[in-house]
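Notes to accompany the following structure.
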Amino acid sequence: MGTITGKKVAVLATNGFEDSELTSPWQALEDAGAVPTMVSPKPDAVTGKNGHEQDVDMLAREASAADFDALVLPGGVVNADHLRMDADSVSFVRDFFEQHKPVGVICHGAWILAEADVLRGRTLTSYPSLQTDLKNAGAAWVDEEVVVDSGLVSSRTPDDLPAFNSKVIEEVGEGKHSDQTT
């Protein structure tokens, strides 16, 4: 993996995230020199479905995509369902696309992309049960380990994390993508 020293990457999640889908990208980002920041609609700390606790650095309602170089969206059914119902989180996600910044999403994390209405004409993957939702939001869904579409990196499950982490770091290193838009 390349170096992305000093790049600021928001990680958006709330309670019920898939632990490894937060901790593995977080560690990969740190190892590559990036500065991950935990953003959540919930203050203090969030807990994954398997018990990992992560301190919250910033509330979604106070966060601005302009302050970050990229975004990572971990999965987890409960996490993803709650985030897509939080207007501040949805707006925060949409802003990354409007600013052409890289976004990495894994598993159920893609639900918020449908809610943010940023999937028309995009190709991505996710946990298989989301394919109808993503297609209905205008995406082309494929069953692949990792998919990159103009700065949008997507993967299916924790089994895909090595490929996902590598591509997220690559896209963060490349920076803005003109085709990464709403």
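Hydrogens, waters and symmetry mates play no part in the numbers below; they use all other heavy atoms, side chains included. Counting from 1, the numbers follow the sequence of the chain as shown.
Between the side chains of Q27 and D31, at least one donor N or O lies within less than 3.5 Å of an accepting N or O.
When hydrophobic clusters are built by joining Ile, Leu, Val, Met, Phe, Trp and Tyr residues whose side-chain heavy atoms come closer than 4.5 Å, directly or via intermediates, I4 is grouped together with M38. Using a 4.5 Å cut-off between side-chain heavy atoms of Ile, Leu, Val, Met, Phe, Trp and Tyr, with links allowed through other members, M58 and F92 fall into the same hydrophobic cluster. L22 and V78 fall into different hydrophobic clusters, where Ile, Leu, Val, Met, Phe, Trp and Tyr residues are linked whenever their side-chain heavy atoms come under 4.5 Å apart, directly or through other members. Linking ILVMFWY side-chain heavy atoms closer than 4.5 Å, directly or via other members, places V39 and F97 in a single hydrophobic cluster. Both L161 and V72 sit in one connected hydrophobic cluster of ILVMFWY residues. Membership requires side-chain heavy atoms under 4.5 Å apart, directly or through other members.
Within the model, atoms OG1 of T125 and CG of D149 stand 12.5 Å from one another, a figure rounded to the nearest 0.5 Å. Atom CG of residue L83 and atom NZ of residue K42 lie 12.5 Å apart, to the nearest 0.5 angstrom. For the atom pair OG (S91) and CG (D86), the distance works out to 10.0 Å, reported to the nearest 0.5 Å. Taken to the nearest 0.5 Å, the CG atom of L134 stands 4.5 Å off from the OG atom of S126.
Listed for the T14 side chain is no donor-acceptor partner under 3.5 Å among the backbone atoms of S40. K101 places a side-chain N or O within donor-acceptor distance of the main-chain N or O of A65, the cut-off being under 3.5 Å. Under a 3.5 Å cut-off, the side chain of H177 and the backbone N or O of G175 do form a donor-acceptor pair.
In terms of the side chain to side chain donor-acceptor pair (under 3.5 Å) criterion, residue partners of D133 (sequence neighbours excluded) are, by chain and number, W111. Judged as a salt bridge (Lys or Arg N to Asp or Glu O under 4.0 Å), and not counting sequence neighbours, D88 has no contacts. By the salt bridge (Lys or Arg N to Asp or Glu O under 4.0 Å) test, D69 is found to be paired with no residue, residues two or more places apart in sequence or in another chain being considered. K49 is linked by a salt bridge (Lys or Arg N to Asp or Glu O under 4.0 Å) to E18, counting only residues two or more places apart in sequence or in another chain.
Of all heavy-atom pairs spanning A10 and F96, the tightest one is CB-CZ, 4.2 Å.
For the salt bridge (charged side-chain N to carboxylate O under 4.0 Å, His left out) condition, the pairs that include at least one residue of residues 139-148, sequence neighbours left out, are D143-R156. Evaluation of the salt bridge (charged side-chain N to carboxylate O under 4.0 Å, His left out) test over residues 3-13, restricted to residues two or more places apart or in two chains, returns none.
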